[in-house]
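Okay, so here's the structure we're looking at.
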Amino acid sequence: MKIQIVQDDITRLRADAIVNAANSSLLGGGGVDGAIHRAAGPELLEACRKFNGCPTGEARITPGFRLAARFVIHTPGPVWHGGTHGEAELLEACYRNSLRLAAANGCRSIAFPAISTGVYRYPKAEAAQIALRTVRQWREPLPEEVIFCCFSAADLDVYQELLK
Ligand code: ADP
């Protein structure tokens with residue numbers, strides 16, 4: 001398994017699956033969620049409606065519609081409430097459940113944004129540590145390539161520092 005760290009807009013990536021840091025309604029929002037819905041087109045919202053939402057830490061898969069990616073995996077990350085409300089376990093569950101869905105759908109590559117580190121305020125270094133650790137310790141079938149897609153140069157630094 002190859003781990004790649006890139007700085008990009010995740011909607012432009014050609015991975016088999018891109019992960020959406022959704023909210024539990026799965027009906028779209030701001031940040032990366034809004035960008036993915038805009039780029040995928042209105043069919044994505046129609047596909048998401050059928051789930052009737054998704055609990056934090058779980059994941060759901062849809063086609064990518066107008067995206068280059070074949071699939072979008074939607075996972076609501078935890079809102080940061082200081083770290084004593086199960087945030088780390090929930091964030092890890094987001095990565096695990098996304099990896100599991102990608103493998104079950106034959107994805108050879110999957111791209112993750114920095115789940116929960118935007119409006120959900122999860123501290124960036126701690127979140128990146130969980131992301132990298134969960135992928136590295138994964139023992140079930142994995143996509144061949146896991147891409148961590150950083151939106152900002154600062155986020156890129158955080159991941160590159162941890163990958164060393
Ligand atoms: P959350 O609600 O899970 O915190 P946000 O979308 O607010 O989700 O932020 C999650 C991360 O996604 C942040 O690091 C933010 O900078 C990043 N992000 C926002 N837009 C994009 C995009 N188009 N591609 C990749 N990452 C993005």
Side-chain angles (χ1 to χ4, degrees), residues 3-42 44-45 48 51 53-62 64-99 101-102 107 109-135 143 145-163:
I3 293 181
Q4 274 214 69
I5 316 279
V6 302
Q7 185 187 353
D8 210 332
D9 173 348
I10 202 166
T11 65
R12 292 159 25 95
L13 297 186
R14 296 202 155 272
D16 287 338
I18 64 169
V19 175
N20 180 13
N23 59 54
S24 53
S25 76
L26 296 191
L27 299 179
V32 71
D33 195 5
I36 289 173
H37 275 272
R38 276 193 300 278
L44 185 62
L45 182 58
C48 285
F51 296 118
C54 176
T56 300
E58 293 188 17
R60 303 286 185 265
I61 191 166
T62 66
F65 300 103
R66 297 176 203 178
L67 291 166
R70 274 168 55 216
F71 297 107
V72 180
I73 294 172
H74 307 262
T75 183
V79 177
W80 179 259
H81 289 296
T84 55
H85 295 75
E87 293 94 333
E89 291 76 13
L90 287 167
L91 187 61
E92 183 178 327
C94 288
Y95 285 94
R96 296 171 68 87
N97 287 318
S98 298
L99 289 168
L101 265 182
C107 295
S109 56
I110 180 171
F112 286 99
I115 300 166
S116 284
T117 67
V119 296
Y120 283 0
R121 302 183 319 273
Y122 208 108
K124 285 173 181 290
E126 290 176 38
Q129 219 156 14
I130 289 170
L132 284 165
R133 191 186 61 215
T134 305
V135 167
E145 188 180 16
V146 177
I147 303 159
F148 292 105
C149 181
C150 302
F151 203 44
S152 69
D155 285 0
L156 185 71
D157 283 346
V158 168
Y159 276 84
Q160 281 177 338
E161 232 2 84
L162 287 170
L163 200 63

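Counting starts at 1 for both ligands and their atoms, in listed order.
Under the 4.0 angstrom criterion for non-hydrogen atoms, Thr11 is not in contact with ligand 1.
Residue Ser116 holds the heavy atom nearest to atom 1 (P) of ligand 1 of all those in Ala128, Cys149, Ser116. Of all the listed residues (Tyr122, Phe151, Tyr120), Phe151 holds the heavy atom that lies closest to atom 26 (N) of ligand 1.
Looking at ligand 1, you won't find any N or O of Arg121 less than 3.5 Å from one of its N or O atoms. Checked by distance only, ligand 1 and Ile10 come closer than 3.5 Å through their nitrogen or oxygen atoms. The shortest N or O to N or O distance between Pro113 and ligand 1 is not below 3.5 Å. For ligand 1, the polar-atom distance check finds an N/O of Val32 within less than 3.5 Å of one of the ligand's N/O atoms. Looking at Gly30 next to ligand 1, no N or O pair under 3.5 Å apart turns up.
Side chains of Val72 and Phe65 form no contact here, defined as non-hydrogen atoms less than 4.5 Å apart. Looking only at side-chain heavy atoms (C-beta outward), Cys48 and His37 come within less than 4.5 Å of each other. Residues Thr134 and Arg96 have side chains in contact (heavy-atom distance under 4.5 Å, counting atoms from C-beta outward).
At the shortest separation from atom 10 (C) of ligand 1 among protein heavy atoms lies Ala114 O, 3.3 Å.
Thr75 contributes no side-chain N or O that, together with a main-chain N or O of Ala21, makes up a donor-acceptor pair within less than 3.5 Å. Remark: the backbone N or O of Leu162 is not paired with any side-chain donor or acceptor of Gln129 at under 3.5 angstrom.
By the criterion of a heavy-atom distance under 4.0 Å, the side chain of Asp155, and not its backbone, is placed next to ligand 1.
Proximity of the aromatic rings of Tyr122 and Trp80 is defined here by a centroid distance below 6.0 angstrom, and this criterion is met.
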